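Bear in mind that the values here come from a model prediction, so they are computed numbers and not experimental data. In the text below, chain A, chain B and the rest are named by the order of the sequence lines, each starting its count at 1.
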Number of protein chains: 2
Amino acid sequence: MAEMAVAEGRAPRKQQQRSVQTQNKLLDAALEAFSENGFKGTSTRDIADRAGVHHPLITYHFKNKEELWRAAANRVFSKFSASLLEARIAADGQKPRERMASMMRAYVQYAAKNPALHKLMLQESSRESSRLEWLVTTHLQPLSEAVVKELKLLQESGIAPAGDPALLFNLLRATSGGILALATEIKATSGIDFDKPENVDALAEMIVGVFLPGSD
Amino acid sequence: MAEMAVAEGRAPRKQQQRSVQTQNKLLDAALEAFSENGFKGTSTRDIADRAGVHHPLITYHFKNKEELWRAAANRVFSKFSASLLEARIAADGQKPRERMASMMRAYVQYAAKNPALHKLMLQESSRESSRLEWLVTTHLQPLSEAVVKELKLLQESGIAPAGDPALLFNLLRATSGGILALATEIKATSGIDFDKPENVDALAEMIVGVFLPGSD
DNA sequence: TCAATAACTGTCCTTATTGGACCATTTATG
DNA sequence: CATAAATGGTCCAATAAGGACAGTTATTGA
């Protein structure tokens, strides 16, 4: 983040709005670029171009490429967690099956609007790296633990399919995100356009139906 | 492929075995590299290094980077189709559900041994390109059509879940391949190691159970 | 209002890497 | 053993890489 020359006792001047805007533009552009071409395959100039910003501003705002990656990943994952949590809270009074279904729909809807989320994981999953390690401990493990716990309960009630709950969780995750990461190709192969909300809804319902066959 | 200076009437000399070997080494290395870093993010030198071969040999054997990509993709997809077909034939006398289950298991097993198959699709799916177009028309559409046809029948028998069969096919595909494309990350997050055959088997059974709930 | 500082622009540098060309050399073939 | 296939070694021109830095503009807060 932008270093400021802090004078001794003086209160530092506050961050300007235009700064926040360019940072956000850079973060969006970075996420898009990194998810398309991976960390190594993405140049800071490409990111700056997508953001419509001069490339030295990356150094200014984020120190270097690695920090920019981390900030971009943090942003999309935080929003994602918030989105899931919101769905979870909204369905708090509901029965267990409906609670989980609500989260699954939120997952699909978020992945449809932000396919970069899953693409980023796939890019980093191609090889062990410090970035993957960070992603796992910071974002994925907490998410996994929370969802697996709920899945277990659903399995005991016969609502979710039997088997290793961790495996089931990952299956679910790969399904929701994976199909949307393939959106461009699927449109070409099968003519299904996930830009159309009705197709995303159909996908969500199919996933719910397949993974939560039991009723409560 | 290696051009040869064909003298008028003379029969051209046959290809040497060592040539085939280096071509295969290059194809394997290319597939690995392209699936990890995408087309743009992969250098021909990287491929040559992985193959343990001098990089000008790429030009010699494959003309250029694009042709090498195509040859590598062709190779893995052809093997894949053959593998599916084999499973299909082996289960030819079985009931419809068991036929499909057999293909699904083959899909998972192949994807586990060749995660590059799915990673390559994901890489190319990040943006429209001539390569994606080629992949779709040459390999994906034929596969899709064949499987969708069978899925429809299973849906009519109540064995497969209802809904758009094309959507179901893609769900299935994204599930099988997608989870194995995430193998490195899943091992770190959940401790599930898909290098162990028993975990791959468990995955295959879970997929069959989830997507073919009905019995015949 | 006005100095201080945050934010941004323009430019340059050095280094590495890119895909591919080219000729000499080695190896297999018929 | 003559010939062609296959490979090795080297070079190149282009350019793309991450980052440094001094100067300029905009905003802030007293």
Side-chain angles (χ1 to χ4, degrees), chain A residues 1-27 29-30 33-34 36-72 130-131, chain B residues 1-27 29-30 33-34 36-72 130-131:
Chain A
M1 303 290 149
E3 293 299 322
M4 20 198 148
V6 180
E8 326 290 271
R10 309 275 292 280
R13 196 178 277 188
K14 79 169 183 189
Q15 189 187 32
Q16 302 178 9
Q17 300 86 339
R18 58 176 180 156
S19 160
V20 178
Q21 283 177 346
T22 52
Q23 283 185 13
N24 284 340
K25 279 193 285 186
L26 279 171
L27 288 170
F34 283 134
E36 277 182 20
N37 299 320
F39 184 80
K40 178 190 158 196
T42 300
S43 74
T44 55
R45 276 178 171 80
D46 178 22
I47 295 171
D49 286 349
R50 290 176 193 241
V53 146
H54 286 254
H55 87 271
L57 284 179
I58 289 178
T59 314
Y60 180 70
H61 285 291
F62 298 96
K63 185 181 167 71
N64 58 35
K65 189 178 171 182
E66 182 95 21
E67 287 301 313
L68 174 58
W69 182 92
R70 203 174 297 263
S130 57
R131 293 184 303 278
Chain B
M1 301 289 150
E3 294 299 320
M4 19 198 147
V6 181
E8 324 290 271
R10 309 275 292 280
R13 198 176 278 190
K14 79 170 181 188
Q15 189 189 31
Q16 301 179 9
Q17 300 87 337
R18 57 177 182 157
S19 160
V20 179
Q21 283 177 346
T22 51
Q23 284 185 11
N24 285 340
K25 279 192 285 185
L26 279 172
L27 288 170
F34 283 134
E36 276 182 21
N37 299 321
F39 184 79
K40 178 191 157 196
T42 300
S43 74
T44 54
R45 275 178 171 79
D46 179 21
I47 295 171
D49 285 350
R50 291 176 194 242
V53 147
H54 286 254
H55 87 271
L57 284 179
I58 289 177
T59 315
Y60 179 71
H61 286 289
F62 300 97
K63 185 180 168 72
N64 57 34
K65 189 179 172 181
E66 182 94 20
E67 288 302 313
L68 174 58
W69 182 91
R70 203 174 297 264
S130 57
R131 293 185 302 278

| Contact under 4.0 Å: B/Thr22 side-chain N or O vs D/dT7 OP1/OP2 | yes
| query | Between D/dA6 atom C1' and B/Lys25 atom NZ, what is the distance in whole Å? | reply | 12 Å
| said: Is A/Ser43 close enough to D/dA16 that one of its side-chain N or O atoms is under 4.0 Å from OP1 or OP2 there? | reply: no
| field | Nearest-Å distance for atom pair CG/P, residues B/Leu57 and C/dA21 | value | 14 Å
| A/His55 (side chain) and D/dG18 (base): donor-acceptor pair under 3.5 Å | no
| Just to confirm, is there a sub-4.0 Å distance from OP1 or OP2 of C/dC8 to any side-chain nitrogen or oxygen of A/His61? | yes
| For B/Trp69 and C/dG19, what is the distance between atoms CH2 and P respectively, to the nearest whole Å? | 16 Å
| said: Does a side-chain N or O of B/Tyr60 approach OP1 or OP2 of D/dA6 to a distance below 4.0 Å, or not? | reply: yes
| Separation of atom CZ in B/Phe39 from atom C1' in C/dG19, rounded to whole Å | 10 Å
| Roughly, in whole Å, what's the span from CD in B/Gln21 to P in D/dA6? | 12 Å
| said: At less than 4.0 Å, is any side-chain N or O atom of A/Thr59 found next to OP1 or OP2 of D/dG18? Yes or no. | reply: no
| Can you check the B/Phe62 CZ to C/dG20 C1' distance for me, whole Å? | 16 Å
| said: Using OP1 and OP2 only, check whether a side-chain N or O of A/Ser19 sits under 4.0 Å from C/dA6. | reply: no
| Step by step, would you call A/Arg50 with A/Asp46 a salt bridge (charged side-chain N to carboxylate O under 4.0 Å, His left out)? | CA-CA 6 Å; A/Arg50 290 176 193 241; A/Asp46 178 22; 3.3 Å; yes
| B/Lys65 side chain: which of C/dG20, D/dG19, D/dA20 is closest? | C/dG20
| request: Compare side-chain N and O positions of A/Gln17 against OP1 and OP2 of D/dT28 and report whether any pair is under 4.0 Å apart. | output: yes
| query | Rounded to whole angstrom units, what separation is found between the CD1 atom of B/Ile58 and the P atom of C/dT18? | reply | 11 Å
| field | Nucleotide nearest B/Arg18 (side chain, heavy atoms from C-beta), chosen from C/dT27, C/dC8, D/dA17 | value | C/dT27
| field | Verdict with reasoning, A/Thr44 to A/Leu68, per side chain to side chain contact (heavy atoms under 4.5 Å, CB included) | value | CA-CA 9 Å; A/Thr44 55; A/Leu68 174 58; 5.6 Å; no
| task | Any chance you could measure B/Glu67, atom CD, to B/Arg70, atom CZ, to the nearest 0.5 Å? | result | 5.5 Å
| How far apart are the C-alpha atoms of A/His54 and A/Tyr60, what are their side-chain angles, what is the distance that settles it, and do they pass the side chain to side chain contact (heavy atoms under 4.5 Å, CB included) test? | CA-CA 11 Å; A/His54 286 254; A/Tyr60 180 70; over 6 Å; no
| task | Indicate the ring-plane relationship of A/Phe34 and A/Trp69, choosing parallel, tilted or perpendicular according to the 30° and 60° boundaries. | result | perpendicular
| For B/Arg45 and C/dT18, what is the distance between atoms CZ and C1' respectively, to the nearest whole Å? | 7 Å
